[in-house]
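Right, one structure below, let's go through it.
Letters A, B, ... mirror the listed sequences (proteins, then strands); counts begin at 1.
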2 protein chains.
Amino acid sequence: MTKKVTAAQAWEQSLIGVSKLLSKFDAEMQKEAGISVIWYDVLLHLNYALEKKMRMQALSDSLLLTRSGVTRLVDRIEKAGLVRREPAAEDRRGYYAILTAEGEDVLERAQQAHQRDIRQYFGVHFDAEERRALFDLMSKLVGAVA
Amino acid sequence: MTKKVTAAQAWEQSLIGVSKLLSKFDAEMQKEAGISVIWYDVLLHLNYALEKKMRMQALSDSLLLTRSGVTRLVDRIEKAGLVRREPAAEDRRGYYAILTAEGEDVLERAQQAHQRDIRQYFGVHFDAEERRALFDLMSKLVGAVA
DNA sequence: TGACAGTATTTGCAATATCAAATAGTGTAC
DNA sequence: GTACACTATTTGATATTGCAAATACTGTCA
């Protein structure tokens, strides 16, 4: 086995670096809005959904979580008062998670701080052309995964 | 609050997509070499280290883990026989994790499969110029995090 | 209609992570 | 040389997640 760092290993390190970036943003959000990026993601999805509500199943498809993961994640967010559950009228097996007024407030605060962080981070390290190129390539990367 | 998807949100989705990609590689590696990408990362770091050994502290700095996380991760890998511990002669508080012969074998197998996967993945979705551009940009991104 | 295969959600259990405290050793300052 | 602040690692308690099983409901087929 050689000591040369192969392209594949370099990719791997890049991917791991991106994960590190995510957890950095997570820490920032925790500090500035008191919620994690995961909670933020839930609130964000709900906010964009029709009537600001989504079925548990749909949430689990949108997020990076299994259904049981979503069940317990929503449990926690519900306990914090940022969402509430409501039985689905059209299918009595199902439940909606619904964004509460407090959830909207917290989301707004988190969103502002987060956008400022991201703009600052990428603004400092990349120029406009690099940002566009990186964004295009990452979109392609993400599209290819799904 | 508007419904427009902001640049920050798009970035966020990209970052999450990259996480998804990582877990996809993880599943592949589990199937093809019987270890997770995290174990792979440990073995890889050890393989490149002088004498194929590293202090627990150094491992924790290199990986995405706290020290206690590394303690228990190395516990598991050690139980599988891929690394062993050895007290550090020069500092009796410390321990080295050392790659075993079996660890080297497993690493070699994992590495070949993983590199094939990665080459295939990026080879299919990106042309040579895109790969170079993406790699440069991601390196810059990662460098900026550290 | 009523058996039954399939779907939505939750729950029990096991795995893995963090944080804080415990343990053990180092090195400097007097 | 010994008190003490600092460092390396592990351990205990707790949190979060996935997988598989349990529960509850739907919809189709005979």
What's B/Arg67 touching, base or sugar-phosphate or nothing? Going by heavy atoms closer than 4.0 Å.
base
What integer distance in Å separates B/Met56:CE from C/dG25:P?
17 Å
Please work out whether the ring planes of A/His114 and A/Tyr40 are parallel, tilted or perpendicular, with thresholds of 30° and 60°.
perpendicular
Assess the residue pair B/Arg109 and B/Glu32 against the criterion (salt bridge (Lys or Arg N to Asp or Glu O under 4.0 Å)); give the C-alpha distance rounded to whole Å, side-chain angles, the decisive distance to 0.1 Å, and a yes or no.
CA-CA 8 Å; B/Arg109 212 161 358 105; B/Glu32 294 175 16; over 6 Å; no
Would you mind classifying the nucleic acid contact of B/Leu73 as base, sugar-phosphate or nothing, using non-hydrogen atoms under 4.0 angstrom?
nothing
Take atom CZ of A/Arg72 and atom C1' of C/dT16, then tell me their distance rounded to the nearest Å.
15 Å
Could you tell me how far apart B/Ile35 (CD1) and C/dT16 (P) are, to the nearest whole angstrom?
14 Å
For the CG atom of B/Leu99 and the NE2 atom of B/His45, what is their distance to the nearest 0.5 Å?
13.0 Å
Here's a test of your reading of the structure: between A/Asp91 and A/Gly69, which maps to the more 5' nucleotide of DNA chain C?
A/Asp91
Looking only at N and O atoms, is any donor in the side chain of B/Thr66 or the base of C/dC19 less than 3.5 Å from an acceptor on the other one?
no
Could you tell me how far apart A/Arg93 (CZ) and C/dT11 (C1') are, to the nearest whole angstrom?
19 Å
Taking only the side-chain nitrogens and oxygens of A/Arg55, find out if one of them lies under 4.0 Å from OP1 or OP2 of C/dT9.
yes
Measure the distance from CG on B/Leu65 to P on C/dA15 and round it to the nearest whole Å.
18 Å
Would you please test B/Arg76 and B/Glu78 for salt bridge (Lys or Arg N to Asp or Glu O under 4.0 Å) and show each step?
CA-CA 5 Å; B/Arg76 296 192 294 274; B/Glu78 188 174 28; over 6 Å; no
May I ask you to decide whether B/Glu90 forms a salt bridge with B/Arg55, counting only side-chain N to carboxylate O separations under 4.0 Å?
yes
If the condition is side chain to side chain contact (heavy atoms under 4.5 Å, CB included), which residues does A/Asp61 pass it with, not counting sequence neighbours?
A/Gln57
Should the heavy atoms of other residues, nucleotides or ligands under 6.0 Å from OH of B/Tyr96 be counted, would the total exceed 12?
yes
Has the side chain of A/Ser60 got a donor or acceptor atom that lies under 3.5 Å from a matching backbone atom of A/Met56?
no
For chain A, the stretch of DNA chain D it reaches, first to last nucleotide, under 4.0 Å of its heavy atoms
D/dT16 to D/dT26
Does the side chain of A/Arg131 come within less than 4.5 Å of A/Asp127's, by heavy atoms?
no
Gap between atoms CG and P, on A/Asp26 and C/dA17 respectively (whole Å)
16 Å
Close residues, residues 74-88 of chain A, relative to DNA chain C [heavy-atom separation under 4.0 Å]
A/Arg85
Once you apply a heavy-atom cut-off of 4.0 Å, does A/Ile38 come out as touching a base, just sugar-phosphate, or nothing?
sugar-phosphate
